Structures are given as C-alpha cells and as structure tokens.
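A quick write-up on the structure given underneath.
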Amino acid sequence: MRARGGVIVALRDLGDRARTPLEVDAVVFATGFRPSDPRGLLGDGIDLEAALDGDEPLVARDYSLRVPGLEGRIFLSGGVQHSHGLSSSLLSTLAVRAGEILEAAVPTHRSHMATGS
C-alpha cells in the first residue's frame with residue numbers, strides 16, 4: 001500500500017496470522033543470488049565510498065550496510081560472504097538470515113511473537 005513518503009507493508013505472523021503494519025521508504029524484492037555492487041542500486045544521493053572496503057561493502061553483524069551519516073539502514077541479504085562467511089550464501093540459512101534482518105529492522109517483532117500480544 002502506498003504511503004505519503006513511501007509504502008506500508010504488512011508483516012504477517014504465519015503462526016497466529018497477526019499482521020503488523022510497517023511504514024518504510026521503499027521495498028526491494030531482490031530474488032537473484034549473484035553478488036552485485038550496491039552502488040548502482042542506491043544512486044548518487046548516498047556516499048557509499050565510506051561504506052566500502054575496496055569493492056566489498058562494510059556490513060554489520062545484523063546484515064546492515066555501514067553507511068556513515070545515513071539516517072536509515074540498508075540491509076543486504078546476499079553478497080556478504082566476505083564478512084559473514086560461506087553460510088551467508090547458502091539457501092538453507094535464508095530463513096534464519098531473514099529472521100535476523102527482521103529483528104534488526106523491527107526489534108519489537110520477536111517480543112511480540114514470544115508474548116503473543
């Protein structure tokens with residue numbers, strides 16, 4: 001659903017079917033598994049040079065791209081083997097990785113699931 005400054009997505013808990021709305025600037029559905037240079041996706045408004053070590057992005061443990069001075073966060077689900085190891089490229093760890101990114105993006109999500117509220 002479109003919002004004034006972006007979009008509203010509904011996160012759905014597959015267990016109890018609860019929905020949690022989340023307003024974000026944009027949603028990117030990236031289904032490919034080839035690492036690529038993130039500079040082409042982000043445009044000229046973001047200074048990525050400080051977020052790169054050579055050609056490799058500087059990635060935090062929660063899969064967020066380290067961009068000094070950026071108000072929001074950008075999460076990378078792929079192309080982080082250099083910082084997160086071989087398991088980051090395996091499809092078998094995709095659900096765990098997605099959960100870690102969700103917890104970092106919406107910290108109350110996990111506590112909501114644990115309490116059922």
Side-chain angles (χ1 to χ4, degrees):
M1 170 190 297
R2 290 181 187 245
R4 239 178 45 183
V7 295
I8 298 175
V9 296
L11 305 175
R12 187 178 69 163
D13 184 329
L14 294 178
D16 66 7
R17 304 285 187 202
R19 290 180 182 263
T20 304
L22 178 64
E23 187 171 345
V24 296
D25 295 328
V27 175
V28 177
F29 295 97
T31 59
F33 288 97
R34 277 184 288 157
S36 63
D37 188 340
R39 289 175 279 206
L41 289 173
L42 302 174
D44 299 331
I46 298 174
D47 178 19
L48 277 180
E49 295 310 312
L52 298 174
D53 181 14
D55 287 336
E56 303 288 358
L58 297 172
V59 185
R61 174 65 188 101
D62 66 2
Y63 297 93
S64 61
L65 184 62
R66 293 181 183 170
V67 183
L70 183 65
E71 187 175 322
R73 291 188 294 169
I74 299 167
F75 293 94
L76 301 177
S77 183
V80 295
Q81 186 172 344
H82 66 284
S83 61
H84 286 64
L86 177 63
S87 66
S88 69
S89 65
L90 303 176
L91 289 176
S92 61
T93 63
L94 186 61
V96 172
R97 184 168 54 250
E100 290 177 357
I101 291 171
L102 178 61
E103 178 63 26
V106 188
T108 59
H109 180 72
R110 181 165 298 193
S111 61
H112 164 78
M113 289 177 57
T115 63
S117 57

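These figures come from a predicted structure and were not determined experimentally.
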Those residues that, when tested against R19, pass salt bridge (charged side-chain N to carboxylate O under 4.0 Å, His left out) (two or more places apart): none
Residues forming a side-chain contact (heavy atoms from CB on, under 4.5 Å) with V7, sequence neighbours excluded: V9, V24, V27
Straight-line distance of D62 CG to L76 CG, nearest 0.5 Å: 10.5 Å
Counterpart residues, side-chain contact (heavy atoms from CB on, under 4.5 Å), relative to A98 (two or more places apart): none
For D53, all residues meeting side-chain contact (heavy atoms from CB on, under 4.5 Å), sequence neighbours excluded: L58
Under 3.5 Å: donor-acceptor pair, side chain of R97, backbone of Y63: no
Results of salt bridge (charged side-chain N to carboxylate O under 4.0 Å, His left out) for R66 - residues two or more places apart only: none
